[in-house]
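Per chain, numbering begins at 1; letters A, B, ... match sequence-line order.
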Protein chains: 4
Amino acid sequence: MDERRTDTREAIRSVALELFAEQGYDKTSLREISERLGVTKAAVYYHFKTKEEILLSLIEDFLAQVDDVVDWAQSQPATAAIRHEVLRRYSDLLGGRTTQLARFMQEGQAAIRDLAAGTEMRKRIDRLVGILATPGQPLPTQLRARVALMALHVGAFAGRDIDATDEQRRHAALQLAQEIVGPAS
Amino acid sequence: MDERRTDTREAIRSVALELFAEQGYDKTSLREISERLGVTKAAVYYHFKTKEEILLSLIEDFLAQVDDVVDWAQSQPATAAIRHEVLRRYSDLLGGRTTQLARFMQEGQAAIRDLAAGTEMRKRIDRLVGILATPGQPLPTQLRARVALMALHVGAFAGRDIDATDEQRRHAALQLAQEIVGPAS
Amino acid sequence: MDERRTDTREAIRSVALELFAEQGYDKTSLREISERLGVTKAAVYYHFKTKEEILLSLIEDFLAQVDDVVDWAQSQPATAAIRHEVLRRYSDLLGGRTTQLARFMQEGQAAIRDLAAGTEMRKRIDRLVGILATPGQPLPTQLRARVALMALHVGAFAGRDIDATDEQRRHAALQLAQEIVGPAS
Amino acid sequence: MDERRTDTREAIRSVALELFAEQGYDKTSLREISERLGVTKAAVYYHFKTKEEILLSLIEDFLAQVDDVVDWAQSQPATAAIRHEVLRRYSDLLGGRTTQLARFMQEGQAAIRDLAAGTEMRKRIDRLVGILATPGQPLPTQLRARVALMALHVGAFAGRDIDATDEQRRHAALQLAQEIVGPAS
DNA sequence: CATGAATGAGCTTTCATTCAT
DNA sequence: CATGAATGAAAGCTCATTCAT
């Protein structure tokens, strides 16, 4: 019943995610976060040592899920079917809880670039790319891996002007991404 | 003879582009721009009314070229071959003078979103998308249009970790983009 | 048997002294003190009402010892020999447990000036000076009293760059201080 | 007539010196400095890049004068008479424009220790000490050099409770300092 | 054309302190 | 005895922008 304990910390994360997604990391000030929460800035600093730590704490959730996908893939044979399944799982990720997060990571890369969070994110995406196309493979294959992921991103949050539900868009994007990395046969 | 007139203005644009591309629009201050130029901030303000105006002036170059591509396309029949040619022309654009600009527009979308420059940019990209897939067409086609453009972007500046020249990457990206929007036949 | 009572209080005093000596009173935060102790800030506040009270509690030790020296001196005739003995006793003080404390009082006078602790300290030093030179005596004598004390301070903690042991330095300083206040004869 | 040019910069230095001397470097905020000046904080930052730079700019004046004394001494034979003259010149310095500065450097050593300004200051004082006692000389001589300088400091600003004019105090302190380093003969 | 000087608003962060539990 | 949570005030600093000269 007494769930107050972690209430504020979670509330901060929640509000921060909302604002980061809305306006970007840079443009979101701690004043904004704390005001929308009805607490003081100092209260936020009680729960997180720095602004970046909020971001990190947010990102880690998503990154852990990406790691899961990659880890699973590495325990499987490197077949086309597995690659398709990787895309499907990553697509699911983008549609889940972390949608907003993923979006603002995509859109606000510049703002995050130098932060630890940015480095970490790039590392994980690289791992993911590495599953779809190992470093030794030819240029077109490399490119296809990256573009396939981009396709999923477009489906998840860059194509909202298209007249379709989120579901439909994500599904269509998955199809396309799978086609891009090559036939499953 | 008197080419002094635009000298400083051009220098500002040049330095600003460099810095915007390097660090993003937000993170580049007027102090930085003017210092790297050896001028005072006030001097910059003599040439541009606001910081955003510098960005706008930079973007307009690129946008005009995009408009040219779209205008040309609209004067042609809406065939697959034309769509391929549109992609080729846009790819050329990305490889030209405006590469840096295009990159930072891609990476720093969040920073620009609310600015007039951001609105303008989105409008033009929408026009371009409209050439590759008219609004009435089915979801997959819509998606393919957007992803094809993304592929070109990836080829131009997001795939620099791939072991290949810029030229090769852009060429491969064009091939892929054309494949994505559908066969030329 | 139950010595727990003062355990924490003593630990706080000990850590605080260490940090005050290292970084000065101002630059030492309660967070630092409590963290190095593995306790919460609130725990510190249970034992001391304010930060200054920690300082005061620390200083009182030293000040009491100074008082002892002065009290003893006042019960003796005002001879040169007594003055030399006073210097010897004060020198011993500086070499004892309270060295660190004395040092940071010397170096951080500005930080403490307005605090009650600062006032108190100045009062005691004034008493000490009063033993070495009564207010009525001529300027040079007054000065000698103050400089003699300074000499002891230099010997105790300001001359650590000299190649000698603490012992040797303090001994030499005592000799010099005694010479400064005048011959024992 | 138009002396406005450097007016503000000088005013900042002047007010800062006053406040630093009064309350110490740490306890003086930029808000205080700017408010007492009737300008905004940002105006101060226009003239000095950081708070420390104000301090540095203040200290350099004094340090340059100390250097002059040392440089002169090094061009002379290392006699007792020269050492006495060095003390006299340094005493004059302490009585001049820079009195306040010297005082707060003495009192606030802790606050400055880690700053570049602190390092610089210690370097110069060390040079001065080196004139009065070369590193190879025995412990008592080393000590006498340091204590002699301290005596001058006491005369300049730590003995204001003595009933005498600044002049008289400084003069008496010089006599004492010269006696401490040894006879001129 | 350009500068020197200044402003107002905002930022992230730290601190001593309080209090219910 | 001690903690977790929070606060109010302040700090140093940066930025886009303005304007008289």
Side-chain angles (χ1 to χ4, degrees), chain A residues 2 4-9 11-12 26-34 37-54, chain B residues 4-9 12 25-34 37-54, chain C residues 4-9 12 26-34 37-54, chain D residues 2 4-9 12 26-34 37-54:
Chain A
D2 180 16
R4 269 291 125 67
R5 190 79 48 91
T6 51
D7 244 21
T8 304
R9 196 170 201 273
I12 291 170
D26 267 355
K27 296 213 167 165
T28 302
S29 72
L30 281 183
R31 185 180 49 76
E32 241 174 322
I33 295 178
S34 58
L37 236 98
V39 290
T40 57
K41 271 181 295 170
V44 174
Y45 272 95
Y46 173 78
H47 292 282
F48 296 90
K49 265 211 286 272
T50 64
K51 187 184 171 187
E52 187 177 353
E53 222 188 47
I54 304 179
Chain B
R4 266 291 125 68
R5 187 84 47 91
T6 50
D7 241 25
T8 304
R9 197 170 201 275
I12 292 170
Y25 175 76
D26 266 356
K27 297 212 167 165
T28 302
S29 71
L30 280 185
R31 185 176 53 73
E32 242 174 320
I33 295 177
S34 57
L37 232 95
V39 204
T40 57
K41 269 185 293 176
V44 175
Y45 270 93
Y46 176 81
H47 291 284
F48 296 90
K49 260 212 292 268
T50 66
K51 185 184 171 188
E52 186 178 353
E53 224 186 47
I54 304 179
Chain C
R4 266 293 128 65
R5 187 85 45 92
T6 50
D7 242 25
T8 304
R9 196 169 202 274
I12 292 171
D26 266 356
K27 297 211 167 164
T28 302
S29 71
L30 280 184
R31 185 175 52 73
E32 242 175 321
I33 295 178
S34 58
L37 232 96
V39 204
T40 57
K41 270 185 292 177
V44 175
Y45 270 93
Y46 176 82
H47 292 283
F48 297 90
K49 260 213 292 269
T50 66
K51 185 184 172 189
E52 187 179 352
E53 223 187 48
I54 304 179
Chain D
D2 180 16
R4 269 289 126 67
R5 190 77 48 90
T6 51
D7 244 22
T8 304
R9 196 171 201 274
I12 292 170
D26 267 356
K27 296 215 167 163
T28 303
S29 72
L30 281 183
R31 186 180 49 76
E32 241 174 322
I33 295 177
S34 59
L37 236 96
V39 290
T40 57
K41 268 183 297 171
V44 174
Y45 272 97
Y46 174 77
H47 292 282
F48 296 90
K49 266 210 284 271
T50 65
K51 187 184 170 188
E52 187 178 352
E53 222 188 48
I54 304 180

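A donor-acceptor pair under 3.5 Å links the side-chain atoms of B:K51 to the main chain of B:Y25, judged by distance alone.
Of the inter-residue distances, the one linking C:R9 atom CZ with C:Y46 atom OH reads 11.0 Å to the nearest 0.5 angstrom. The distance from the CD atom of A:E32 to the NZ atom of A:K27 is 11.0 Å, given to the nearest 0.5 Å.
Taking atom NE2 of residue D:H47 and atom P of nucleotide F:dC13, one finds them 16 Å apart after rounding to whole Å. Taking atom CD1 on A:I33 and atom P on E:dC11, their separation rounds to 11 Å, with Å as the unit. Following rounding to the nearest Å, B:K27 (NZ) and F:dA16 (P) show an atom-to-atom distance of 13 Å. Note: CZ (A:F48) to P (F:dA6) measures 12 Å, nearest angstrom. Nucleotide F:dA5 holds its C1' atom 11 Å from the CD1 atom of A:I12, rounded to whole Å.
Partners of B:T28 under the side chain to side chain donor-acceptor pair (under 3.5 Å) rule, at least two apart in sequence or in another chain, are B:Q23.
In this structure the side chain of B:V44 never reaches within 4.5 angstrom of the side chain of B:L37, judged on heavy atoms. Side chains of B:T40 and B:S34 form no contact here, defined as non-hydrogen atoms less than 4.5 Å apart.
For the pair D:Y46 and E:dA5, the criterion of a side-chain N or O lying under 4.0 Å from OP1 or OP2 is met. Applying the 4.0 Å criterion to OP1 and OP2 of F:dA6, one finds that A:T8 has a side-chain N or O inside that range.
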Under 3.5 Å, which protein N or O atoms sit close to an N or O of nucleotides 16-19 of chain E? Give each pair with its distance.
from, atom 1, to, atom 2, distance (Å)
E:dA16, OP1, C:K51, NZ, 2.7
E:dA16, OP2, C:L30, N, 2.9
E:dT17, OP2, C:Y45, OH, 2.8
E:dT17, OP2, C:K51, N, 2.9
E:dT17, O5', C:Y45, OH, 3.3
E:dT17, O4, C:K41, NZ, 3.1

Pair B:V39, B:I12 - check side chain to side chain contact (heavy atoms under 4.5 Å, CB included), show working. CA-CA 10 Å; B:V39 204; B:I12 292 170; over 6 Å; no
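With DNA chain F read from its 5' end, the first of the two nearest nucleotides for C:V39 and A:A43 is the one closest to C:V39.
The two residues A:K49 and A:E53 have their closest heavy-atom pair at N-OE1, 3.1 Å. Residue B:T50 comes nearest to B:Y45 through the heavy atom pair CA-CE2, 4.2 Å, listed as atom of the first residue, atom of the second, then distance.
Stem regions for DNA chain E, each three or more consecutive Watson-Crick or G-U pairs with both distances under 3.5 Å and listed by first number, read E:2-21 with F:2-21.
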